[in-house]
Amino acid sequence: MSDNVKLYRKIADSVADAIEAGQYKLGDRLPTERELAEQFGVSRPTLREAMIALEMLGMIEARHGLGIYVTGNTRPVAPSAEIDFEIGAFELIEARRLFEGEAAALAATSISDEQIEGLEALLQRMHEEEELSGEDADREFHLTIARATGNGAIIATIENLWDWRNRSPLARNILTRARGMGLEPRIVEHRRVVDALKARDPATARQAMRDHLERVIDHLLHATETEAVQRAQQETKARRSAIAKRVAI
């Protein structure tokens with residue numbers, strides 16, 4: 001496989017190949033996420049992204065407290081085709097953490113009072129508005145900081161990273177799960193960024209932005225775990241209901 005293939009996709013392809021080759025059969029339990037992460041030498045977010053990609057293909061299912069099980073032994077595409085879900089949510093957030101951290105540091109040296117006022121207004125919108133509108137305000141908050149750098153390349157890069165959230169099926173899938181678990185603009189963390197920008201403090205602005213996006217990664221990990229917990233609870237409830245009906249007959 002070529003070196004330019006995304007890391008999570010390499011892992012997804014490797015696991016899918018092993019399943020199709022019969023190394024793991026239908027109903028088999030895969031190694032744990034920790035074991036797989038160690039085996040492939042990758043971070044937890046990258047491994048989680050690969051597993052969700054395989055879930056989207058219908059090849060595996062994460063069962064809380066039990067592990068990851070094989071539910072399909074072929075990819076629903078031509079054998080020569082590659083798994084390709086474009087860019088994943090964890091990849092996007094990691095890239096944003098890098099670029100937006102530096103953008104915040106640069107913005108702290110050039111941001112205008114009017115732009116600070118605009119950020120304050122956006123914070124208020126995030127606090128008051130519904131989920132979708134709050135997400136729009138969140139996007140505008142980060143793009144306002146990018147614009148405050150006065151660097152067109154930085155603005156275009158950060159805007160493109162935000163747009164990939166909706167372009168990529170994998171990113172969209174993970175973020176939809178997270179929204180279902182209550183992922184929403186984090187006002188306190190955004191406030192720290194604004195305070196650092198007001199103080200014209202590049203180092204603090206950089207760290208505040210990095211800390212904010214690191215917590216977003218943590219939330220995505222938690223949300224995808226919590227979804228598995230809820231699914232397991234629903235399945236248990238359904239089984240108990242079925243048993244109760246049989247006993248009542």
Side-chain angles (χ1 to χ4, degrees), residues 6-7 43-46 48-49 87-168 171-172 174-175 178-179 181-224:
K6 301 173 188 69
L7 185 54
S43 67
R44 189 178 168 209
T46 299
R48 179 67 56 80
E49 216 144 46
I87 298 173
F90 291 106
E91 284 185 313
L92 283 174
I93 301 300
E94 286 173 345
R96 285 183 55 208
R97 184 174 183 272
L98 174 65
F99 285 106
E100 293 198 46
E102 294 309 308
L106 183 57
T109 68
S110 58
I111 194 166
S112 68
D113 291 340
E114 290 77 15
Q115 286 169 324
I116 291 287
E117 290 175 6
L119 292 175
E120 291 283 6
L122 288 166
L123 279 180
Q124 188 62 28
R125 275 182 59 191
M126 288 182 216
H127 179 72
E128 294 175 351
E129 294 183 350
E130 297 296 328
E131 178 182 307
L132 183 58
S133 298
E135 187 172 308
D136 289 342
D138 188 19
R139 181 181 189 278
E140 185 59 25
F141 178 93
H142 287 268
L143 291 182
T144 297
I145 294 172
R147 295 184 195 112
T149 67
N151 185 306
I154 291 175
I155 297 167
T157 297
I158 292 174
E159 188 169 33
N160 194 45
L161 287 171
W162 272 85
D163 288 345
W164 269 111
R165 288 157 57 100
N166 294 318
R167 285 189 214 146
S168 166
R172 199 163 56 242
I174 295 174
L175 291 167
R179 278 194 293 272
M181 295 295 153
L183 177 61
E184 35 186 53
R186 306 172 75 97
I187 307 300
V188 173
E189 293 165 17
H190 286 81
R191 165 54 60 192
R192 293 192 186 109
V193 174
V194 173
D195 287 345
L197 292 171
K198 277 184 178 180
R200 273 61 179 184
D201 184 337
T204 302
R206 176 190 293 113
Q207 194 59 52
M209 183 64 79
R210 286 180 174 177
D211 288 346
H212 162 51
L213 292 171
E214 185 66 33
R215 290 189 183 95
V216 173
I217 291 173
D218 290 342
H219 181 88
L220 291 179
L221 286 168
H222 175 71
T224 48

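For reference, positions follow the sequence shown, starting with 1.
Using a 4.5 Å cut-off on side-chain heavy atoms (C-beta onward), H142 and L122 make no contact. Contact annotation: the side chain of L7 never approaches that of E91 to less than 4.5 Å [non-hydrogen atoms, C-beta and beyond]. Side-chain contact between F90 and I217 is present, with heavy atoms from C-beta onward closer than 4.5 Å. The side-chain heavy atoms of L119 and I111, taken from C-beta on, include a pair separated by under 4.5 Å.
In this structure, S110 contributes its side chain and A148 its backbone to a donor-acceptor pair below 3.5 Å.
Using cut-offs of 30° and 60° for the angle between ring planes, the F141 and H190 rings count as perpendicular.
Applying the salt bridge (Lys or Arg N to Asp or Glu O under 4.0 Å) test to D195 and every residue at least two apart in sequence or in another chain returns R191. With sequence neighbours excluded, no residue satisfies side-chain hydrogen bond (donor to acceptor under 3.5 Å, both in side chains) with R192.
Of all the heavy atoms in T149 and A103, the pair that sits closest is CG2-O, 3.4 Å. Between D201 and T204, the shortest heavy-atom distance links the atoms OD2-OG1, 2.7 Å. The two residues A104 and L197 make their nearest non-hydrogen contact at O-CD2, 3.5 Å. Nearest approach of L92 to A171, heavy atoms of both residues: CD1-CB, 3.8 Å. Minimum heavy-atom separation, L220 to A89: CD1-CB, 4.2 Å. In this structure, I155 and A146 approach most closely via the heavy-atom pair CG1-O, 3.4 Å.
Atom CD of residue E49 and atom CG of residue L221 lie 9.5 Å apart, to the nearest 0.5 angstrom. Atom OG of S112 is separated from atom CZ of R147 by 12.0 Å, given to the nearest 0.5 angstrom. The distance from the CD1 atom of I116 to the CD1 atom of I145 is 8.5 Å, given to the nearest 0.5 Å.
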Check your understanding: Please walk me through it: do L213 and F99 pass side chain to side chain contact (heavy atoms under 4.5 Å, CB included)?
Key -> CA-CA 11 Å; L213 292 171; F99 285 106; over 6 Å; no

Check your understanding: What's the verdict on side chain to side chain contact (heavy atoms under 4.5 Å, CB included) for N160 and R167, showing C-alpha distance, side-chain angles and the deciding distance?
Key -> CA-CA 10 Å; N160 194 45; R167 285 189 214 146; 3.0 Å; yes

Point to revise | Test side chain to side chain contact (heavy atoms under 4.5 Å, CB included) applied to E140 and M126, step by step | key: CA-CA 10 Å; E140 185 59 25; M126 288 182 216; over 6 Å; no

**Study point:** Worked check of side chain to side chain contact (heavy atoms under 4.5 Å, CB included) between L143 and E159
**Key:** CA-CA 7 Å; L143 291 182; E159 188 169 33; 3.9 Å; yes

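With respect to D218 and R44, no salt bridge is recorded, no charged nitrogen being found less than 4.0 Å from a carboxylate O.
For residues 92-111, the pairs satisfying salt bridge (Lys or Arg N to Asp or Glu O under 4.0 Å) are R96-E100, R97-E214, E102-R206, E102-R210, with sequence neighbours left out.
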